[in-house]
There are 2 protein chains.
Amino acid sequence: MLEGKAPRGQLGPYPLERLKRVDKPTTYIGPNVQRVSEYDAGFLKAGRGEYGPRLKAEASRFVSKEPVAAAMSQMLRGLRELELVPVYSTLAPIPKDAGAQSRHVKALGYFLRADCIGICELPQYAVYAADREDRPVELDHKYAIVFLIDQGWRTFNGGLGSDWISAGQSMKSYSTSGFIATVVANYIRRLGYEAEPHFSGHYKVLMPPLVLLSGLGEMSRFGGAILNPFLGPRFKASAVTTNLPLEPDKPIDFGLRHYCKVCKKCARECPSQSISYSDEMIIYNDHETYELDVKGCTRMRVGNPAGASCGRCIKVCPWNKPYEGIHKLVEWTLERVSLSHRFSVWMDDLLGYGRQNIEDKWWYDLEEVEGIFQVPEKVGAVVKSSPLARKKEVLAVEEDDTE
Amino acid sequence: MLEGKAPRGQLGPYPLERLKRVDKPTTYIGPNVQRVSEYDAGFLKAGRGEYGPRLKAEASRFVSKEPVAAAMSQMLRGLRELELVPVYSTLAPIPKDAGAQSRHVKALGYFLRADCIGICELPQYAVYAADREDRPVELDHKYAIVFLIDQGWRTFNGGLGSDWISAGQSMKSYSTSGFIATVVANYIRRLGYEAEPHFSGHYKVLMPPLVLLSGLGEMSRFGGAILNPFLGPRFKASAVTTNLPLEPDKPIDFGLRHYCKVCKKCARECPSQSISYSDEMIIYNDHETYELDVKGCTRMRVGNPAGASCGRCIKVCPWNKPYEGIHKLVEWTLERVSLSHRFSVWMDDLLGYGRQNIEDKWWYDLEEVEGIFQVPEKVGAVVKSSPLARKKEVLAVEEDDTE
């Protein structure tokens, strides 16, 4: 089906080929970006008790307490344990042309039903300094192939973004993209080139810079997250790093820098008020990004008493639309006419986008407590007070969380 | 994306809801169908040397000799080894309504990106009598949930159906549908109901009757294979059998019985001439089906010297089209007007469908021989002599294969 939908001259289901390409990302990346450690990720800090005893306990169950997310999280664990085939000692007799190789691996990825694929050189700053257990990481592969998997428009339409399906939405795209990366890595290893898959729980690389550099998105207001013109922020990414000679894609410019500056809908709707309302990005670790209250965001996701995790910023983003019909025209216009941006945000609210459409709610709200599923008391955290209510007023996490 | 493409009133990407439903399949199934053993499958017979020494040797490499198929076959082996979560001892507090349950598991399957999903009661004759190693199989689950995954129109369009990507096309759909079945089974087991996934190399059930009974297709000319109105024969299926209370779907009638009677394009194009040209079906094991030369078909697939496996019948079938644009209208007409069938076959040939469109060929022809990939001498077996050439003239397997 996906393949069938790809018109001539287009490799996958979305028209990445017609996007405006630029030599450098639209947000600054300096020469002194330092490698970071996955060990310092908010989830892992929570699990080590750095955000208090309640979140320490929740960290091991905030995904698996809901059965859809649990089933996919179990699949992810299985994928992580699969052994890779040894790299073949003889190179396969394939063309040496890097451009042909790039089209080939993308076609393979689309054949495996990826939604968007991009390729970039792997900068060392995108390789983790240390892994989840604080063990040093080294990876000298030259290229990264990046695969995006849609979390699904309809499911987001049926939920609040901060309710019981939220973790399941993430895990669906994590596991599906992990499946694809694993197959592609094992394919390339058979051709005689080093390749490793990277996916949730099994990353040696930090994904946002790779999504950005491979031309699959621009930096968005929700700090560190990259937004795609066709899927919006509604995706998760996996990658294969490799020494197979490839031709990198260029970064894209679809006007998001200006759009995020004027929109701020995610900041307004964030239940934990962790997203910046600022007009300006900051420089953090020598690259431009919006400030994010990482601790507040992590506490919301890990500790959410009214759901499993949270993705309300994704739900309410005006770019979270199905890429079809009128939305294609809107996307085309937003790319080209920055004057349309404010109008688009205003219309998005007026037309009710970002609200829950209960007709599309297909899952059950279920929470596992001590091995037994129960119907949870609360469903979905949203900002209850005025749109301008600030962090302190609406913090959704309990007071007993140690600062 | 798939989800986004599903219009209102339709759960998945294809309009299964609007098909004509019938109480019984359009092909006869009697009361005395006997259980069969997977042990007797042609591939396994070949592997045991029942089709001669060459095919015995080929049976262990006819999939993995090509690197795309090998990578996905490796993923399938991994999926088979995953342990299922124990069935929870307490039922989850979910609605008792079987109709709601059916819509729920289908929505979950579509969320996981299945192409078509149907549900039927599990007849005992669809449970294998013995497995691949001839061990007895027992399974008393009441229902089967069936998942179809498209093998991809574009890739079929770029190939001959009997060339080096053929096994990869099967394996892509086997592994992807196996992934979905495994996640759904683990989900249902968490709800407290028995459930098991069935997929390639890991089946306790015979798929064709389940695809037929769950309203996902009708019996086609290529003996035993079920054809779907939207994907044609271009899919592989997995299933979850379960005791979760479900509401079965009814079989469908989209006119295929008459279509296959008049078309015969698969019989004409089959490289090993294993498909019947007969106007009439036979009764085999108390059900209606077209006769198939199972040995000839198996020998073609396992022993194909010009590719990995074979799916030329799928490639050339007039129902193998992308479900979009004009093809939607043609499908709609074929369903309703049997007088259009002969004209459709004639037009299909005239418009060149079934030929290779080299523009869509993205893979490399590669064959692994003793751990090293080489460019194979031959690419794709097709019927070289006149369309009416018969079996003896065109048998693509070597003469040294013992009968």
Side-chain angles (χ1 to χ4, degrees), chain A residues 1-6 8 13-14 67-68 70-72 74-75 78-79 81-82 85 88-90 92-95 103-104 107-108 111-113 115 150 152-155 168 172 175-176 179 182-184 186-187 190-192 231 321-324 359 362-364 366 368 371-375, chain B residues 1-6 8 13-14 67-68 70-72 74-75 78-79 81-82 85 88-90 92-95 103-104 107-108 111-113 115 150 152-155 168 172 175-176 179 182-184 186-187 190-192 231 321-324 359 362-364 366 368 371-375:
Chain A
M1 156 110 179
L2 292 173
E3 283 193 318
K5 294 288 175 193
R8 292 279 157 217
Y14 299 97
V68 171
M72 285 184 277
Q74 184 183 349
M75 174 58 80
L79 292 176
E81 284 162 18
L82 295 182
V85 77
Y88 275 38
S89 54
T90 306
I94 55 174
R103 285 189 299 281
H104 174 70
L108 173 62
F111 177 61
L112 293 169
R113 302 156 67 101
D115 287 314
D150 191 348
W153 152 254
R154 262 202 172 182
T155 300
K172 163 251 190 80
S175 55
T176 305
F179 173 96
T182 304
V183 171
V184 171
N186 274 319
Y187 170 74
R190 281 184 166 78
L191 299 186
L231 305 172
K321 294 286 184 299
Y323 188 67
E324 63 188 23
E359 206 186 331
W362 57 266
W363 61 96
Y364 302 131
L366 288 172
E368 183 177 332
I372 295 176
F373 281 104
Q374 20 185 274
V375 178
Chain B
M1 150 111 183
L2 294 172
E3 282 192 318
K5 294 289 174 193
R8 291 281 155 215
Y14 298 99
V68 171
M72 285 185 277
Q74 183 184 351
M75 174 58 80
L79 291 176
E81 284 162 17
L82 295 183
V85 76
Y88 275 38
S89 53
T90 306
I94 56 174
R103 284 189 300 281
H104 174 69
L108 172 61
F111 176 62
L112 293 169
R113 302 159 63 105
D115 286 317
D150 191 348
W153 152 256
R154 262 203 173 180
T155 301
K172 163 253 192 78
S175 56
T176 305
F179 173 95
T182 304
V183 171
V184 172
N186 274 319
Y187 170 73
R190 282 185 164 77
L191 301 184
L231 305 172
K321 295 286 183 299
Y323 188 67
E324 62 187 24
E359 204 185 332
W362 58 266
W363 61 95
Y364 302 130
L366 289 173
E368 182 176 333
I372 294 176
F373 281 104
Q374 21 186 270
V375 178

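Sequence lines set the chain letters: A, B, ... in the order given, protein chains first and strands last, and positions in each chain run from 1. Note that this is a predicted model, so its numbers are computed, not measured. As a basis for the values below, the full set of heavy atoms in this structure was taken, side chains included, without hydrogen atoms, waters or symmetry mates.
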Distance in Å, B:Gln74 CD paired with A:Thr182 OG1, rounded so as to fall on 0.5 Å steps: 9.5 Å

A:Met72 vs B:Leu112, side-chain contact (heavy atoms from CB on, under 4.5 Å): CA-CA, chis, key distance, verdict: CA-CA 10 Å; A:Met72 285 184 277; B:Leu112 293 169; 3.3 Å; yes

Heavy-atom proximity to chain A below 4.5 Å, by part of B:Leu108: both

Nearest-0.5 Å distance that lies between atom CD1 in B:Ile94 and atom OH in A:Tyr364: 5.0 Å

Among A:Gly192, A:Pro95, A:Gly78, residue most engaged with chain B (heavy-atom pairs, under 4.5 Å): A:Pro95

Where B:Phe373 and A:Ala92 come nearest, the two heavy atoms and their spacing: CB-CB, 3.9 Å

Distance (rounded to the nearest 0.5 Å) between A:Arg113 CZ and B:Asp115 CG: 4.0 Å

Least distance between heavy atoms, A:Pro67 atom then B:Leu191 atom: CG-CD2, 4.3 Å

Chain A contact via B:Gln374 - side chain, backbone, both or neither, heavy atoms under 4.5 Å: backbone

Between B:Glu81, B:Lys321, B:Arg103, B:Glu368, the one whose heavy-atom pairs under 4.5 Å with chain A are most numerous: B:Glu368

Distance, nearest 0.5 Å, that separates CG of A:Leu79 from CE of B:Met75: 5.0 Å

Minimum heavy-atom distance B:Thr155-A:Phe111, with the two atoms named: OG1-CD1, 3.3 Å

Heavy-atom proximity to chain B below 4.5 Å, by part of A:Ser89: neither

Toward chain B, the part of A:Tyr88 with a non-hydrogen atom under 4.5 Å: side chain

Atom group of A:Thr90 that falls short of 4.5 Å from chain B, counting heavy atoms: side chain

